[in-house]
Amino acid sequence: MALPEDQRAIEAVLLCAVEPVPPQLLAELLELPVERVTEACEALARGYESDGRGFTLSFVAGGYRYQTHPEMAPFVERFAMEGVSSRLSSAALETLAIVAYKQPVSRAQIAALRGVNVDGVVRLLHQRGYITPVGQAPGPGQPVLYGTTAAFLEKLGLGSLADLPPVEDLLPGGEIMEQLEERLRPSPDA
Amino acid sequence: MALPEDQRAIEAVLLCAVEPVPPQLLAELLELPVERVTEACEALARGYESDGRGFTLSFVAGGYRYQTHPEMAPFVERFAMEGVSSRLSSAALETLAIVAYKQPVSRAQIAALRGVNVDGVVRLLHQRGYITPVGQAPGPGQPVLYGTTAAFLEKLGLGSLADLPPVEDLLPGGEIMEQLEERLRPSPDA
Amino acid sequence: MAAHVETAVYEGPFDVLLQLISEHKVDIYDVPLAAVIDAFLAELEQRRPIDLEVCSEFLVIAAILVELKSRKLLPGPDEVDDDEELSGFDERDRLLARLYELQAYAAAADTFSLLVERAQRCLPRIAGMEEPFRDMAPDILAGVTAEKLAAAYLLAATPKPVPSLDLFHVTVEAVTVSEAVEELQERLPGEQTVTFRDLTSHCTTRMQVIVRFLALLELCKRGWVTLDQGETFGDLVVTWIAGDLDRSPAVVGSAEEYEG
């Protein structure tokens with residue numbers, strides 16, 4: 001069973017790309033509607049998965065790209081480039097989570113939520129390129145507002161912000177919340 | 001029909017490698033005899049051919065590598081001519097500028113300044129012959145250090161690196177830059 | 001998050017509270033704060049170096065608890081003010097809402113950590129084009145001059161500029177303090193006493209007002225005027241006390257320049 005021509009062409013283009021290729025660009029190159037291209041990519045990705053290939057076709061940071069299958073990590077470790085795998089502290093991750101879900105958001109808003117000064121963490125995340133100023137709030141001081149970047153999506157292996165886990169799934173379970181509310185309620189004699 | 005484990009591993013290694021991978025290296029990574037590895041590669045290559053994939057597995061310059069299928073050349077050509085996104089070209093120019101002014105410089109140092117992963121861009125500039133490895137830094141991992149080439153000078157019409165427009169006067173002082181780089185260096189718990 | 005609670009490690013304010021609640025099984029106002037602080041200090045002793053961030057987060061939550069507790073312990077005013085009672089509720093609600101939200105972000109951070117870990121196991125293809133195609137690509141250096149390269153370097157090496165709001169409606173004006181000093185020297189001797197409000201009544205921008213204020217301070221420093229403000233936020237009264245001055249441009253020019 002020979003592969004359809006559009007899928008072959010996508011394979012060839014993605015093989016020589018050095019960054020995720022947006023579906024729009026693929027559509028232009030193949031002179032096909034974007035939906036057709038997206039379908040073809042999904043079909044290829046499913047095929048690689050069911051064939052059990054050592055690579056996957058993934059949608060990352062707004063485009064399609066080939067990457068190695070996570071299960072093959074032990075074999076490709078030595079090809080991993082140096083200098084990109086520095087870990088983020090839990091404080092940095094929590095701040096990144098706040099920016100991701102509340103963007104655009106100011107440093108003061110993050111600090112108010114976390115209850116601590118976040119200047120250092122915000123600077124670190126900005127230097128790493130995971131967040132970037134996206135505007136300024138109106139009002140006194142016109143504080144800088146931050147949002148997440150394509151590098152952030154790439155770091156998390158996400159296609160777009162829509163792939164972030166929904167907030168509802170992250171909120172504490174009802175039990176914990178009930179307990180909390182119970183304990184924080186003023187006692188009858190207060 | 002799931003792919004045998006050795007073939008999966010070979011797919012992963014060849015996908016992320018940037019140069020042809022000698023069978024000996026593959027054998028070493030997979031802890032298999034060279035003959036087994038060669039057979040597995042041949043089997044994969046035959047499979048891609050019979051599936052009519054857009055890429056082939058070829059033996060080139062002493063090693064195996066993925067390359068695009070000759071029949072897909074029109075799409076690849078088009079991608080080569082139109083596919084350089086403005087994001088990529090500005091990333092390439094910034095990266096080249098950093099190498100020009102800060103050489104010898106490692107990928108990690110460039111990544112720290114640019115705030116994003118620069119592996120693909122560095123590879124691209126190397127392929128175009130504008131930068132080249134000029135040595136290795138001492139210390140852990142001994143990262144490769146890059147510098148610009150004669151082709152780079154020629155392209156910009158410069159006699160030597162001394163002819164680059166001076167930029168120091170516009171930048172923060174050396175001390176500040178050092179501090180900045182210090183902070184940017186990946187730390188285990190940052 | 002749940003794992004942290006189980007390991008009895010204070011990781012942040014939410015954990016502390018959660019632990020208090022789950023361990024003590026009592027009304028939060030009955031939790032002995034001294035015991036909590038002892039437990040936290042013992043925890044800190046065990047993990048060195050001390051994590052300042054964990055410390056400060058703990059202090060914040062401890063402060064909120066102390067405040068809530070003191071509110072209950074201290075006798076209030078005789079007649080209970082409805083507003084105050086309400087603000088007490090607000091405080092608790094705010095704390096609750098904040099903890100609720102913070103818990104969600106802590107959970108998100110855990111998810112992020114897993115995603116990053118997974119993403120790191122997948123290496124992207126970056127080999128690029130093969131030889132014949134490589135040379136077809138438009139030269140990335142086409143049209144690039146040494147000056148453009150220098151500009152690109154500056155862009156890359158300096159902190160990224162902050163995108164600003166469209167400022168087309170703001171006219172750039174240069175108001176200098178020395179000009180304002182001159183203007184006031186001209187006007188004040190004739191009026192003797194005048195309010196700052198009057199002095200700035202013709203100003204159309206905040207910067208003009210600020211510059212006049214700085215000019216007044218300059219005159220005050222030179223001992224030429226006195227400034228008097230009867231009440232907080234009251235009118236600032238300016239009195240000229242230098243008589244007729246022999247004006248010298250050198251003195252005028254010594255005031256700093258401000259641009260607005």
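Lettering of chains follows the sequences in order, A, B, ..., and the numbering in each one begins at 1.
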Between [X] and [Y], what is the shortest heavy-atom contact and its length?
X       : Y       : result
A:Glu31 : B:Arg78 : OE2-NH2, 2.6 Å
B:Ala12 : A:Gly54 : CB-O, 3.4 Å
B:Thr68 : A:Cys16 : CG2-SG, 4.3 Å

Query raised in the report: Any donor and acceptor pair, going by atom type alone, linking the side chain of A:Arg8 with main-chain N or O of B:Gly52 inside 3.5 Å?
Result: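 Judged by distance alone, yes, a pair lies under 3.5 Å.
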Interchain contact, [X] with chain B, by part (heavy-atom threshold 4.5 Å):
X       : value
A:Leu44 : side chain
A:Ala17 : both
A:Glu71 : side chain
A:Tyr48 : side chain

Which region of [X], side chain (C-beta onward) or backbone (N, CA, C, O), has a non-hydrogen atom less than 4.5 Å from a non-hydrogen atom of chain A, or is it both or neither?
X       : value
B:Glu19 : neither
B:Gln67 : backbone
B:Leu26 : neither
B:Leu29 : both

Report task. With a 4.5 Å cut-off on heavy-atom pairs, point out which of A:Val21, A:Ile10, A:Leu14, A:Val13 contacts chain B the most. Result ->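 Highest number of heavy-atom pairs under 4.5 Å: A:Val13.
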Report task. For A:Ala108, enumerate each residue passing the side chain to side chain contact (heavy atoms under 4.5 Å, CB included) test, keeping only those at least two apart in sequence or located in another chain. Result ->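 With neighbours one apart ignored, the set is A:Ser106.
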To the nearest 0.5 Å, what is the distance between [atom1] ([X]) and [atom2] ([Y])?
X       : Y       : atom1 : atom2 : answer
A:Asp51 : B:Glu11 : CG    : CD    : 8.5 Å
A:Phe75 : B:Glu5  : CZ    : CD    : 6.0 Å
B:Leu15 : A:Arg53 : CG    : CZ    : 12.0 Å

